[in-house]
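First listed ligand is number 1; within each ligand, the first listed atom is number 1.
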Amino acid sequence: MDKKIVFSAVQPSGIPTIGNYVGSIKNWVNMQDEYNCIYSLADLHTLTVKQIPAELRQRSYELLALYLAAGLDPNKSVIFAQSHVPAHAELTWILNTVTYPGELQRMTQFKDKSSRHAENVNMGLLDYPVLMAADILLYGTDFVPVGADQKQHLEITRDLAIRFNNRYSQTFTVPEPLIPKVGAKVMSLQDPEKKMSKSDENPNAYISMNDSTDDIIRKFKRAVTDSEACIKFDEENKKGISNLLTIYSLFSGMTIPEAEKQFEGVGYGEFKLAVGEQVANVLQPITAEKNRILSDKAYLESVLKDGAEKANYLAHKMMRKVYKKVGLIQL
Ligand code: AQP
């Protein structure tokens with residue numbers, strides 16, 4: 001039987017956080033043998049928020065180096081930049097013709113980002129989910145490993161696929177999200193009501209995949225918790241501590257009950273230090289490997305070139321089918 005297809009992407013909108021890592025990239029690595037995996041740098045999506053061009057370019061190399069350091073293998077998976085495959089923008093246009101503005105205006109991310117970037121509420125920000133739907137549908141994707149924040153965008157992707165198929169006959173596979181049971185939503189260290197985001201204005205709110213051991217430990221020491229002095233998982237009443245327990249469990253391989261047991265009777269200060277040290281121990285070799293790969297631009301560009309070739313081949317095939325279905329002349 002043919003392997004199922006997996007697609008996912010991260011935006012080079014900042015240095016990825018441990019949220020991006022455990023919510024998505026880490027899980028991608030384990031899927032490479034079982035599935036045909038296609039992993040992208042969502043650089044076109046990143047333009048929906050104002051960027052400094054030179055920084056965006058550098059962060060794109062950084063993100064690619066991180067993919068490789070984390071264990072993505074260009075011999076097993078297609079790894080490419082979205083902007084190197086014009087079909088992503090082409091399919092977005094076609095899907096726009098079956099999308100209603102009201103359904104985009106209702107998206108939580110759109111509401112959140114337009115309030116955070118009130119000076120730049122652009123069409124791209126509104127259309128973000130349609131470009132994401134195009135990313136996914138172009139490759140006949142079966143599964144999309146993402147964090148919980150992207151669930152709503154996956155739902156609209158499914159709606160658009162079904163709507164297009166109903167109007168023009170069966171064309172797109174309707175994809176399923178794969179959301180991890182633990183780590184689907186790592187919360188901010190400064191406001192545990194909010195998810196951890198790489199573009200947060202306050203660098204103490206997130207642990208980036210570039211942070212030094214000292215930074216990591218300092219940020220965990222400052223993490224907002226509560227005054228109860230009891231290390232117990234309770235997402236309703238103890239959001240900060242529950243978030244730290246989740247992070248500890250993800251980086252130590254322990255279950256949450258095992259971690260609770262380990263820290264029974266321990267003070268918050270000691271607990272936060274242990275979480276920081278554990279995270280730093282896991283990140284340190286990945287960061288070192290990322291920096292090593294990053295110094296070899298020629299290698300990074302060869303990976304992108306090879307990935308773009310493979311992705312363009314697949315995407316072009318789908319676009320021919322789509323253009324035919326909607327009634328455009330094929331030459
Ligand atoms: N806090 C999180 N916990 C678990 N998973 C997360 N993801 C993001 N934040 C968390 C997952 O990471 C993948 C890539 O996300 P993205 O770069 O496409 O955009 P995003 O979801 O908007 O992530 P950020 O970090 O919040 O970026 P900015 O700050 O630029 O908006 C997705 O699978 C996402 O679910």
ask   = Tyr67 pairs by ring-ring contact (aromatic ring centres under 6.0 Å, His included) with which of Tyr39, Tyr21, Tyr61, Trp28?
value = Trp28

query = Applying a 4.0 Å heavy-atom criterion (strictly less than), which segment of Ser24 is in contact with ligand 1: side chain, backbone, both, or neither?
reply = side chain

task = Could you name the option among Lys195, Gln150, His45, Gln109 that has the heavy atom nearest to atom 32 (C) of ligand 1?
result = Gln150

query = For the residue pair Met31 and Cys37, what are the closest heavy atoms and their distance?
reply = O-SG, 3.5 Å

query = Are Asp214 and Arg218 within salt-bridge range, i.e. N to O under 4.0 Å?
reply = no

note = A student comparing Gly147, Ser197, Ser208 should find that the heavy atom closest to atom 26 (O) of ligand 1 comes from Ser197

ask   = Just which atoms of ligand 1 are under 4.0 Å from any heavy atom in Gly23?
value = 4 (C), 5 (N)

ask   = What protein heavy atom sits nearest atom 14 (C) of ligand 1, and how far off is it?
value = Val10 CG2, 3.5 Å

task = Quick one: look up the protein heavy atom nearest atom 17 (O) of ligand 1 and list residue, atom name and how far away it is.
result = Lys198 NZ, 2.5 Å

request  = State plainly whether the residues Glu301 and Lys305 are in salt-bridge range, i.e. N to O under 4.0 Å.
outcome  = no

message = Within the 3.5 Å criterion, strictly below it, is a donor on Asp135 or Gln82 matched to an acceptor on the partner's side chain?
response = yes

ask   = Heavy atoms, side chains only, cut-off 4.5 Å: are Gln262 and Tyr248 in contact?
value = yes

ask   = Based purely on interatomic distance, does Ser13 place a nitrogen or oxygen under 3.5 Å from a nitrogen or oxygen of ligand 1?
value = yes

request  = Please work out whether any backbone atom (N, CA, C, O) or any side-chain heavy atom from C-beta onward of Ser199 is under 4.0 Å from ligand 1, and answer side chain, backbone, both or neither.
outcome  = both

ask   = Would Ala184 count as a contact of ligand 1 if the rule is a heavy atom under 4.0 Å away?
value = yes

query = Does any N/O atom on Val186 come nearer than 3.5 Å to any N/O atom on ligand 1?
reply = yes

request  = Output yes when Lys239 and Asp226 qualify as a salt bridge under the 4.0 Å nitrogen-oxygen rule, no when they do not.
outcome  = no

message = Under 4.0 Å, counting heavy atoms only: does Asp149 come that close to any atom of ligand 1?
response = yes

inquiry  = Closer than 4.0 angstrom, basic N to acidic O: yes or no for Asp149 and Lys185?
reply    = no

ask   = Nearest to atom 7 (N) of ligand 1 by heavy atom, Leu250, Leu178, Asn20: which?
value = Asn20

Lys26, Lys151, Gln11: member with heavy atom nearest to atom 19 (O) of ligand 1 = Gln11

ask   = So which bit of Lys185 gets within less than 4.0 Å of ligand 1, heavy atoms only: side chain, backbone, both or neither?
value = backbone

note = Honestly, for Lys113 the part within reach of ligand 1 (heavy atoms, under 4.0 Å) is side chain

message = Among all the protein's non-hydrogen atoms, which is closest to atom 5 (N) of ligand 1, and how far away is it?
response = Gly19 O, 3.2 Å

query = Between Met187 and ligand 1, is there a nitrogen or oxygen pair with a distance under 3.5 Å?
reply = no

key: Any donor-acceptor N or O pair under 3.5 Å, side chains Asp211, Tyr206   = no

inquiry  = Check Arg106 with Glu103, please: is the shortest side-chain N to carboxylate O separation under 4.0 Å?
reply    = no

request  = Tell me whether Met318 is reachable from Leu328 by hopping between hydrophobic residues (I, L, V, M, F, W, Y) whose side-chain heavy atoms are closer than 4.5 Å.
outcome  = yes

